[in-house]
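Note: hydrogens, waters and symmetry copies are ignored here, and every other heavy atom, side chains too, is used. First the proteins, then the strands, lettered A, B, ... as listed; each starts at 1. Small disclaimer: the values here were computed from a predicted structure and weren't measured.
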2 protein chains.
Amino acid sequence: MAKIDRINQKILHELLRDGRLPNTELADRVGLSPSACLRRVQELERQGVIKGYRAVLDPVALGNGFVAYVTVGLSDHTKAAQEGFERSVARYDEVRECHNITGTVEYLLRVEAEDLVAYKRFHTDKLGTLAQVHQIVTHVVMGSPKDERA
Amino acid sequence: MAKIDRINQKILHELLRDGRLPNTELADRVGLSPSACLRRVQELERQGVIKGYRAVLDPVALGNGFVAYVTVGLSDHTKAAQEGFERSVARYDEVRECHNITGTVEYLLRVEAEDLVAYKRFHTDKLGTLAQVHQIVTHVVMGSPKDERA
DNA sequence: TCAATCTTCGCCATTTATTGCCAAATTATT
DNA sequence: AATAATTTGGCAATAAATGGCGAAGATTGA
C-alpha cells in the first residue's frame, strides 16, 4: 500500500520543512514534472501518509508565553477513570497535547498558557478539580533547542 | 506591534487547522477580499506570528511506529555540557523535540523510531554514548488522546 | 528473451489562485 | 469637523494547480 520510494521520501522531507511549498517548486526539487509530483502528493494524502497541513504559530506572539510539560497520575487505573480524564483535558484549550505513557504516572500533557498566573489558574481551577487526578508534576519549558513538532 | 484582532484570530485559527487553505477560501471564511486577506497573512508571517507551515505526517505510515518521551539528566550543569548535549541531539534524526525543563532532570526529548528494536539501538548507541548524559528514563507513548502539535 | 500489461511519466490546455496597483471607504488624529 | 493614515475591495496580470493524453518505463508470464 504505502510504498515510500526515494522520491516520495524527498517529497515528505520537503513538505515537512515547508508545507506551503508550491507544487512547481516541489516538483523541481525532487526532479519531477509538476503534474507527476502533484499526483504523488495527492496519493500520499489519500493514503493518509500526509494527514494534513498546519501553520506553525509563535506561542509568545499569540500571548502564550508559558509552556510546560505536566505529568499526571490518576488515583485509580480503571477504564472509566481514564476516559473521564481524557474527556476533560480534551475540553481544556490550554492542553495542546495529551499522551498516555508508560512509567510511574499515566499521562504527559503539554500545556500552553499566557503566563505563570494563567497557568496557576489552569492548575488549580481545572486540573486540580478533576476527581480522577491524584498527582500533578509541572515541568516548565525554559527553552527548546530542537523542536520539529508537526 | 502584533495586534491580533478578531479577524486575525480567525485567520490563525483557520491556518492552524489547514495550513494549505487557499487564500481565496480563507478570505471567504474570514469575510475579507482575497487581497486584503493576503496582506494580513503576509504581515503575520513577517511579524513572526506565523513561523512557517508544516505537513503533518503519520508516524506509522512513515515506519515510525514507536514514540517515546525520554527524560535526560546531565552529570554536570555547566554551560559547556548543555551545549554539547544539545548539539548532539540536534544531529539525531530520532529526536524530534528537545526541551530544556525545570525539575529533577534537565531535558525532555520526544523520540520517534521504527520499533522497539530501533529505539534500543538509539538508546544504547547514541544517547548512551554521550559523555554528558547521566540518567535516561524512557516513557513509551501508548496513545495520544489529544495531539494538536503544530 | 520477448511480448502483453500495467504504471508512471512529461507535455499541453484549462481552470483556479496569487499578487500588485489604485481608488474608495473606514478609522484615527487634531 | 476636517485632515491624515490605514485598510479595504475590485481589477488585471502573472503564476500555479489540475486533468487529459500519448509515450516511456517497469513488471509479469510464457
Side-chain angles (χ1 to χ4, degrees), chain A residues 1-65 93 114 148-150, chain B residues 1-65 93 114 148-150:
Chain A
M1 189 170 288
K3 60 168 177 179
I4 313 289
D5 60 7
R6 187 69 62 175
I7 294 181
N8 276 6
Q9 284 210 335
K10 287 186 72 176
I11 288 178
L12 293 174
H13 178 258
E14 293 294 335
L15 288 181
L16 195 58
R17 238 173 34 111
D18 181 3
R20 270 209 154 172
L21 203 60
N23 182 57
T24 47
E25 172 68 17
L26 177 61
D28 217 54
R29 292 196 192 174
V30 303
L32 282 182
S33 72
S35 56
C37 182
L38 180 66
R39 278 188 287 260
R40 277 171 176 266
V41 171
Q42 289 173 335
E43 182 62 14
L44 288 168
E45 290 168 349
R46 204 194 52 74
Q47 289 176 345
V49 178
I50 297 175
K51 292 165 70 176
Y53 302 88
R54 288 204 181 149
V56 182
L57 307 184
D58 180 6
V60 177
L62 264 155
N64 286 335
D93 290 339
E114 189 178 347
E148 295 177 357
R149 287 178 303 135
Chain B
M1 190 172 291
K3 59 168 177 178
I4 313 288
D5 60 7
R6 186 69 62 175
I7 293 181
N8 276 5
Q9 284 211 334
K10 287 187 71 176
I11 288 177
L12 294 174
H13 178 259
E14 292 295 335
L15 289 181
L16 196 57
R17 239 175 30 114
D18 180 4
R20 271 208 153 174
L21 203 59
N23 183 57
T24 47
E25 173 68 18
L26 177 62
D28 217 54
R29 292 196 193 175
V30 303
L32 282 181
S33 70
S35 55
C37 183
L38 178 67
R39 276 189 294 262
R40 277 171 176 265
V41 172
Q42 289 175 333
E43 181 62 14
L44 288 169
E45 290 169 349
R46 203 194 53 73
Q47 288 176 344
V49 179
I50 297 175
K51 291 165 70 176
Y53 301 88
R54 294 222 176 122
V56 182
L57 307 184
D58 180 5
V60 176
L62 263 156
N64 285 336
D93 290 339
E114 188 178 347
E148 296 176 356
R149 285 179 304 135

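For B/A36, counting side-chain heavy atoms from C-beta on, the closest listed nucleotide (C/dG10, D/dT18, D/dG9) is D/dG9. Distances were taken from every side-chain heavy atom of A/R39 (C-beta onward) to each of C/dT19, C/dC21, C/dC9; the shortest belongs to C/dC9.
Between the CD atom of B/Q42 and the C1' atom of D/dT6 there is a distance of 16 Å, rounded to whole Å. Rounded to whole Å, atom P of D/dT8 lies 11 Å from atom CD of B/E43. For the pair A/L44 CG and C/dT8 P, the computed distance is 12 Å after rounding to whole Å. Straight-line distance from the CG atom of B/L38 to the P atom of C/dA17: 14 Å, rounded to whole Å. Nucleotide D/dA15 holds its P atom 17 Å from the CG atom of B/N23, rounded to whole Å. Distance B/L26 CG to C/dT18 C1': 13 Å, rounded to the nearest Å. To the nearest angstrom, C1' of C/dA17 lies 13 Å from CZ of B/R20. Atom CG of A/L21 and atom P of D/dA15 are 17 Å apart (whole Å).
Residue A/S35 has no polar side-chain atom (N or O) positioned under 4.0 Å from OP1 or OP2 of D/dA17. Proximity of B/S33 to the phosphate of D/dG10: no side-chain N or O atom is located under 4.0 Å from OP1 or OP2.
The pair A/R46-A/E43 counts as a salt bridge, with a side-chain nitrogen and a carboxylate oxygen less than 4.0 angstrom apart.
Within the nucleic acid shown, B/R40 comes within 4.0 Å of sugar-phosphate atoms alone, with no base atom in reach, counting heavy atoms only.
Mapping B/T24 and A/P34 onto DNA chain C via the closest heavy atom, the residue that lands nearer the 5' end is A/P34. Position along DNA chain D of the nearest nucleotide to A/E25 versus B/I7 favours B/I7 as the more 5'-ward residue.
Of all non-hydrogen atoms in B/R29 and B/K10, the two that sit nearest each other are O-NZ, 3.2 Å. Taking all atoms of both residues into account, the shortest heavy-atom contact from B/C37 to B/I11 is SG-CD1, 4.4 Å.
Using a 4.5 Å heavy-atom threshold, the side chains of A/T24 and A/D28 count as separate. Residues B/I50 and A/L57 have side chains in contact (heavy-atom distance under 4.5 Å, counting atoms from C-beta outward).
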